[in-house]
Amino acid sequence: MDLKSNEPFWLIKNGLIESYPSLKSNEECDVLIIGGGITGSLIAQQMIKDGYKTILIDRREICNGSTSATTSMLQYEIDVPLYELIEKIGEKGAVESYKACSDAIDTLEMLSKLIRSDAGFKRKKSLYFAAKKKDVKWLKEEYKARKKAGFNVKWLEAEQILDQFGFENTHGGILSKQGASIDAFKFAHELFTHNEKKGLKIFDKTEMKKVEYHKGFNLVTVDSGYQIKTKKIIYCIGYESKNLIKEDFVDLKSTFAIVSEIDDDKFKNISSTLVWNTDEPYIYMRTTDDGRLLIGGGDEDFNDAQKRDALLDKKEKEILKNLKKIKPDYQFYTDFVWAGTFGETKDGLPYIGEHKKFKNSYFVLGFGGNGITFSVTGMEMASQFMKNKKHLLSEYFKFGR
């Protein structure tokens, strides 16, 4: 499965940061992490911190899957609005899921400082505006639910949004204080470098082919024929889990993104704000640390990479048309266009935990628009799992829920 297309901005911007060897000998470890993207890098950070002998493998170059195509907007808001999630899973689970994503942003900031990251972590507000007049009613309900849950939010009328951000044709919206952005591709590489120095072994272009389950350990055979004996496997394979788990637990979608040429002055009024709206599919935008505007949207069901890639020109026009609605006089000069694949679950929540068909194993699958923040929550959850402890969110993130 091809998870990105054309020219992902982060991959071009950063180039080949680091290269790792493929597996050329039999190995043994406490934890084998499968998947070398942002999720794998975060779980590796936790496992090394907890003192486990850890190996990570990826069938591609490290970070060259979805991590190179992400827009890296760090939000506590889940794709399913809080008031709606409360109706689906109850107030406790819904509020705690939102709070976990909020806490994850704080954790990412601390991690960035810990490893002296140069990946452009920046605190930002988040503006969620009504694209249509009919959306105002439920968006105000969402505002009340967030306010009640203790989130730092403010309701802005359309005139206030125009004054503060220069966006026309909105119908009011929620301004949240909690949010951030980062270059996830670079940050994941930094985490790998940091933890390799502490004992993490990394092998890219190494694909898992077979797993033999034994009492107290698994034996993993890779494409070169070598084997890794491990007490636990943690799968951080995102959307490719569809190839491994047979039941229908997530729908794959393609999202499209464009990034402008550099123009710091033009984007000053939203340089510290993440922006998204209530449209279906919604559009979302942020600035980059080198002074560009990144806009995404136009989500479609994922069929295959070829059909998705054929839509790039059409989707660029569609995204720019949506931009014109709120910035009629704005001239956007496209520098890069690409597509990425993400998973959409029935409740907007990830799958983190055990699966009955995979012994001595855990999954950390952060789906939806919160893949990165869910993966941070997965760090804490995986740490608890390894100690045979339960986590508050396990019930809400489990398979078969």
Side-chain angles (χ1 to χ4, degrees), residues 4-15 17 67-75 105 112 117-129 131 156 158-170 173 175-177 179-187 255-277 279 281-299 311-340 369 372:
K4 61 180 176 59
S5 64
N6 205 11
E7 299 176 317
F9 170 63
W10 309 112
L11 188 58
I12 303 297
K13 178 177 181 279
N14 292 297
I17 295 176
T67 298
S68 67
T70 177
T71 51
S72 301
M73 290 171 65
L74 306 177
Q75 297 170 282
I105 296 170
S112 295
S117 169
D118 191 33
F121 178 93
K122 183 179 179 181
R123 284 278 181 179
K124 295 188 176 184
K125 294 178 181 178
S126 176
L127 174 66
Y128 186 29
F129 70 84
L156 298 183
E159 297 79 15
Q160 292 172 293
I161 292 175
L162 179 61
D163 288 343
Q164 287 187 43
F165 305 104
F167 295 139
E168 300 181 26
N169 301 311
T170 74
L175 185 66
S176 297
K177 190 174 182 182
S181 65
I182 199 170
D183 177 341
F185 179 83
K186 191 169 189 178
F187 186 60
T255 190
F256 300 82
I258 60 176
V259 69
S260 74
E261 295 176 1
I262 294 171
D263 193 340
D264 278 307
D265 290 337
K266 195 180 281 186
F267 313 131
K268 271 183 180 174
N269 61 345
I270 62 162
S271 64
S272 295
T273 311
L274 308 174
V275 182
W276 54 312
N277 71 2
D279 226 347
Y282 61 82
I283 63 164
Y284 46 94
M285 66 180 82
R286 56 161 287 199
T287 55
T288 64
D289 59 345
D290 63 344
R292 303 169 186 267
L293 182 63
L294 189 160
I295 315 174
D299 298 355
L311 291 171
L312 284 170
D313 288 342
K314 177 188 171 186
K315 290 299 177 179
E316 179 190 3
K317 292 182 178 72
E318 185 180 314
I319 291 168
L320 289 175
K321 185 179 177 183
N322 287 327
L323 179 62
K324 278 287 181 189
K325 290 177 187 175
I326 57 172
K327 297 285 281 183
D329 301 326
Y330 175 69
Q331 180 62 53
F332 186 97
Y333 295 100
T334 304
D335 220 358
F336 298 92
V337 185
W338 72 96
I372 298 174

Take Tyr284 and Arg286, measure what side-chain contact (heavy atoms from CB on, under 4.5 Å) needs, and give me the verdict at the end.
-> CA-CA 7 Å; Tyr284 46 94; Arg286 56 161 287 199; over 6 Å; no

Show your working on side-chain contact (heavy atoms from CB on, under 4.5 Å) between Met73 and Ser126 and close with a plain yes or no.
-> CA-CA 10 Å; Met73 290 171 65; Ser126 176; over 6 Å; no

Could you walk me through whether Gln164 and Leu175 pass the side-chain contact (heavy atoms from CB on, under 4.5 Å) check?
-> CA-CA 11 Å; Gln164 287 187 43; Leu175 185 66; 4.3 Å; yes

Tell me, with the steps shown, if Leu162 and Glu168 meet side-chain contact (heavy atoms from CB on, under 4.5 Å).
-> CA-CA 6 Å; Leu162 179 61; Glu168 300 181 26; 3.7 Å; yes

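Between Ser112 and Ile182, the shortest heavy-atom distance links the atoms OG-CD1, 4.1 Å. Shortest non-hydrogen contact noted between Lys325 and Asn169 is O-ND2, 2.5 Å. Between Pro8 and Ser68, the closest heavy-atom pair is CB-O, 3.1 Å.
Look at Lys13 and Asp289 and you find a salt bridge, because one of the NZ, NE, NH1 or NH2 atoms lies within 4.0 Å of a carboxylate O, short of that distance. Using a 4.0 Å cut-off between a side-chain N of Lys or Arg and a carboxylate O of Asp or Glu, Lys321 and Glu318 do not qualify as a salt bridge.
Side-chain atoms of Ser117 do not come within 3.5 Å of backbone N or O of Phe187 as any donor-acceptor pair. A donor-acceptor pair under 3.5 Å is absent between the side-chain atoms of Asn277 and the main chain of Ala131, judged by distance alone. Without hydrogens or angle criteria, Lys122 side chain to Ser271 main chain gives a donor-acceptor distance under 3.5 Å. Lys315 contributes a side-chain N or O that, together with a main-chain N or O of Gly298, makes up a donor-acceptor pair within less than 3.5 Å.
Taking the six-membered ring where the residue is Trp, Trp276 and Tyr128 present parallel rings, their angle staying beneath 30° rather than reaching 60°. Between Phe332 and Tyr330, the ring planes are perpendicular. Angles over 60° get that label, and only those under 30° would be called parallel.
Here the straight-line distance linking atom CG of Leu311 with atom NZ of Lys317 works out to 11.5 Å at 0.5 Å rounding. Of the inter-residue distances, the one linking Arg292 atom CZ with Asp263 atom CG reads 11.0 Å to the nearest 0.5 angstrom. Note: Ile372 CD1 to Ile105 CD1 = 10.5 Å, rounded to the nearest 0.5 Å. The structure places NZ of Lys186 at 15.5 Å from OG1 of Thr67, a figure rounded to the nearest 0.5 Å. To the nearest 0.5 Å, atom CG of residue Leu11 and atom CD1 of residue Ile17 are 9.0 Å apart. Note that NZ of Lys327 and CD1 of Ile270 are 7.5 Å apart. Values are rounded to the nearest 0.5 Å.
Ile262 is listed as a side-chain neighbour of Asp290, based on a closest heavy-atom distance under 4.5 Å. By the 4.5 Å heavy-atom criterion applied to side chains, Glu316 and Leu312 are not counted as neighbours. Counting only heavy atoms from C-beta outward, the side chains of Phe267 and Thr288 never approach each other to under 4.5 Å. In this structure the side chain of Ile326 never reaches within 4.5 angstrom of the side chain of Phe165, judged on heavy atoms. Residues Trp338 and Val259 have side chains in contact (heavy-atom distance under 4.5 Å, counting atoms from C-beta outward). For the pair Val275/Phe129, a side-chain contact is recorded, criterion being any heavy-atom separation below 4.5 Å from C-beta on. With a 4.5 Å cut-off on side-chain heavy atoms, Ile319 and Ile283 do not count as touching.
Lys125 NZ: 12 or fewer foreign heavy atoms inside a 6.0 Å radius. Within a 6.0 Å sphere centred on NZ of Lys324, heavy atoms belonging to other residues, nucleotides or ligands number more than 12.
In this view, Asp329 satisfies the salt bridge (charged side-chain N to carboxylate O under 4.0 Å, His left out) rule with no residue, not counting sequence neighbours. With sequence neighbours excluded, the residues that form a side chain to side chain donor-acceptor pair (under 3.5 Å) with Asn14 are Asp183.
A side-chain contact (heavy atoms from CB on, under 4.5 Å) with Leu127 is found for exactly one of Thr170, Ile161, Leu274, namely Ile161.
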